[in-house]
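All values derive from a computational prediction rather than experimental measurement. Along the sequence shown, residues carry numbers from 1.
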Amino acid sequence: MLSVKSATFGAIENNCYLITDEKTNKSALVDCTEDSDKMMNFIKGAQLEYILLTHGHFDHIGGVKAVKAKTGAKVVISKEDEPMLTSSKLSLAAFCGGVQNNTEADILISDGDIITLGESKIKAIATPGHTKGGFCYVCDDKIFTGDTMFFCSCGRTDFPGGSPLEIVQSLKKIASLDGNFTVYPGHDRQSTLDFERANNPFLNRA
């Protein structure tokens with residue numbers, strides 16, 4: 001079983017999540033907005049194995065370089081979004097006043113890949129639409145949706161690499177998961193998949 005600790009960072013109020021396998025105390029960080037004392041205090045004491053990136057926009061990757069250097073955690077991202085780690089234009093930092101700290105990926109994921117964290121298994125599912133290489137992470141009864149699904153909403157599709165058609169298909173894919181899940185999004189409040197199935201107009205449109 002995984003425990004989840006959350007905190008909000010940065011001007012765009014990004015949610016980052018520290019997930020820990022309760023039997024082994026090994027942890028992973030889902031997205032890493034900034035290099036700051038707040039971020040390091042958030043992960044202080046964790047046996048950080050991975051930094052799981054939902055996508056490559058600057059507000060989700062700004063602290064990756066520093067946290068990787070300080071903890072030795074492996075950076076996980078899709079092949080499609082990997083170039084954003086080294087390009088302020090692709091990550092949108094150059095256009096939005098964001099910080100670009102170039103870094104490298106250690107693991108490139110594909111749809112359906114399993115990441116082992118202690119005794120827990122985390123499934124990576126491809127959910128393009130906000131970016132070409134957007135991913136969600138599923139474990140136990142939890143899903144970390146990045147900027148694919150928000151509380152009664154979904155991610156923008158008007159940035160380079162975005163696609164209204166693809167995000168509709170990704171929302172449909174999430175909705176088809178068997179059972180209810182706690183939804184941990186990249187911004188805004190947490191939700192449940194049953195609530196989103198019933199109330200999210202974008203998901204219902206899918």
Side-chain angles (χ1 to χ4, degrees), residues 5-19 28-44 48 50-71 73-109 126-137 144-167 170-171 183-191 202:
K5 176 183 174 183
S6 64
T8 303
F9 297 87
I12 312 179
E13 298 186 336
N14 290 74
N15 297 325
C16 296
Y17 302 99
L18 184 68
I19 59 177
L29 182 64
V30 180
D31 290 335
C32 187
T33 298
E34 61 189 30
D35 173 17
S36 64
D37 289 341
K38 180 180 178 180
M39 179 63 73
M40 295 313 300
N41 286 332
F42 177 60
I43 62 176
K44 186 176 181 180
L48 200 65
Y50 303 105
I51 302 171
L52 306 176
L53 297 176
T54 59
H55 64 292
H57 283 157
F58 72 94
D59 54 318
H60 294 257
I61 67 170
V64 171
K65 180 180 180 179
V67 172
K68 177 181 179 178
K70 293 172 183 176
T71 66
K74 295 181 179 179
V75 177
V76 180
I77 195 170
S78 67
K79 180 176 70 174
E80 292 83 359
D81 278 14
E82 180 191 18
M84 297 181 181
L85 297 177
T86 55
S87 170
S88 63
K89 290 183 178 180
L90 294 176
S91 76
L92 304 184
F95 308 106
C96 300
V99 175
Q100 178 78 22
N101 295 311
N102 289 353
T103 189
E104 296 180 354
D106 297 292
I107 299 172
L108 299 180
I109 47 172
T127 53
H130 181 64
T131 66
K132 292 297 292 183
F135 264 74
C136 296
Y137 297 96
F144 301 87
T145 58
D147 286 5
T148 299
M149 177 189 287
F150 302 134
F151 178 83
C152 287
S153 189
C154 70
R156 293 174 59 170
T157 60
D158 57 334
F159 294 130
S163 167
L165 178 61
E166 285 187 330
I167 207 163
S170 291
L171 291 170
V183 177
Y184 296 93
H187 303 270
D188 204 358
R189 73 196 83 173
Q190 296 172 21
S191 187
F202 296 92

Asker: Just checking Gln190: does its CD atom have more than 12 heavy atoms from other residues, nucleotides or ligands closer to it than 6.0 angstrom?
Answerer: yes

Asker: Which word best sums up how the rings of Phe159 and His57 line up, parallel for under 30°, tilted for 30 to 60°, or perpendicular for over 60°?
Answerer: perpendicular

Asker: In sequence, state the C-alpha distance, the side-chain angles, and the governing distance for Gln100 and Ser91, and then conclude on side chain to side chain donor-acceptor pair (under 3.5 Å).
Answerer: CA-CA 8 Å; Gln100 178 78 22; Ser91 76; 2.5 Å; yes

Asker: Run the ring pair (Phe, Tyr, Trp, His ring centres under 6.0 Å) test on His187 and Phe150 for me, step by step, so that the C-alpha distance in whole Å, both residues' side-chain angles and the decisive distance to 0.1 Å come before the verdict.
Answerer: CA-CA 7 Å; His187 303 270; Phe150 302 134; 5.7 Å; yes

Asker: Please check: side-chain N/O of Asn101 versus main-chain N/O of Gly62, any donor-acceptor pairing under 3.5 Å?
Answerer: yes

Asker: If you count heavy atoms of other groups shown closer than 6.0 angstrom to NZ of Lys5, is the number above 12?
Answerer: yes

Asker: Okay, side chain of Ser78, backbone of Ile109: is any donor-acceptor separation there less than 3.5 Å?
Answerer: no

Asker: Please examine the side chains of Met39 and Leu29, heavy atoms only from C-beta on, and report whether any two atoms are closer than 4.5 Å.
Answerer: yes

Asker: Does the distance from a Lys or Arg side-chain N to an Asp or Glu carboxylate O, for Asp106 and Lys68, drop under 4.0 Å?
Answerer: yes

Asker: Determine, using ring centers only, whether Tyr137 and Tyr184 are less than 6.0 Å apart.
Answerer: no

Asker: Whether Asp35 and Lys70 form a salt bridge (side-chain N of Lys/Arg under 4.0 Å from carboxylate O of Asp/Glu) is what I want to check.
Answerer: yes

Asker: For atom NZ of Lys38, decide whether the heavy atoms of other residues, nucleotides or ligands shown that lie under 6.0 angstrom number more than 12.
Answerer: yes

Asker: Decide whether Ser6 and Asn15 meet the rule of one side-chain donor and one side-chain acceptor closer than 3.5 Å.
Answerer: no

Asker: With a 4.0 Å cut-off on N to O distance, would you call Glu166 and Lys132 a salt bridge?
Answerer: yes

Asker: Using the side chain to side chain donor-acceptor pair (under 3.5 Å) rule, take Asp81 and Thr131 through it: C-alpha gap first, then chi angles, then the decisive distance, then the call.
Answerer: CA-CA 7 Å; Asp81 278 14; Thr131 66; 2.7 Å; yes

Asker: Cation-pi between Lys89 and Phe95: NZ/CZ under 6.0 Å from ring centre and within 45° of the ring axis?
Answerer: no

Asker: So does Asp37 have more than 12 non-hydrogen atoms from other groups sitting under 6.0 Å from CG?
Answerer: no

Asker: Which residue is it: Asp31, Thr145, Thr148? I am looking for the one with a side-chain hydrogen bond (donor to acceptor under 3.5 Å, both in side chains) to Thr54.
Answerer: Asp31

Asker: So do Phe151 and Pro185 actually touch side chain to side chain, heavy atoms under 4.5 Å?
Answerer: no

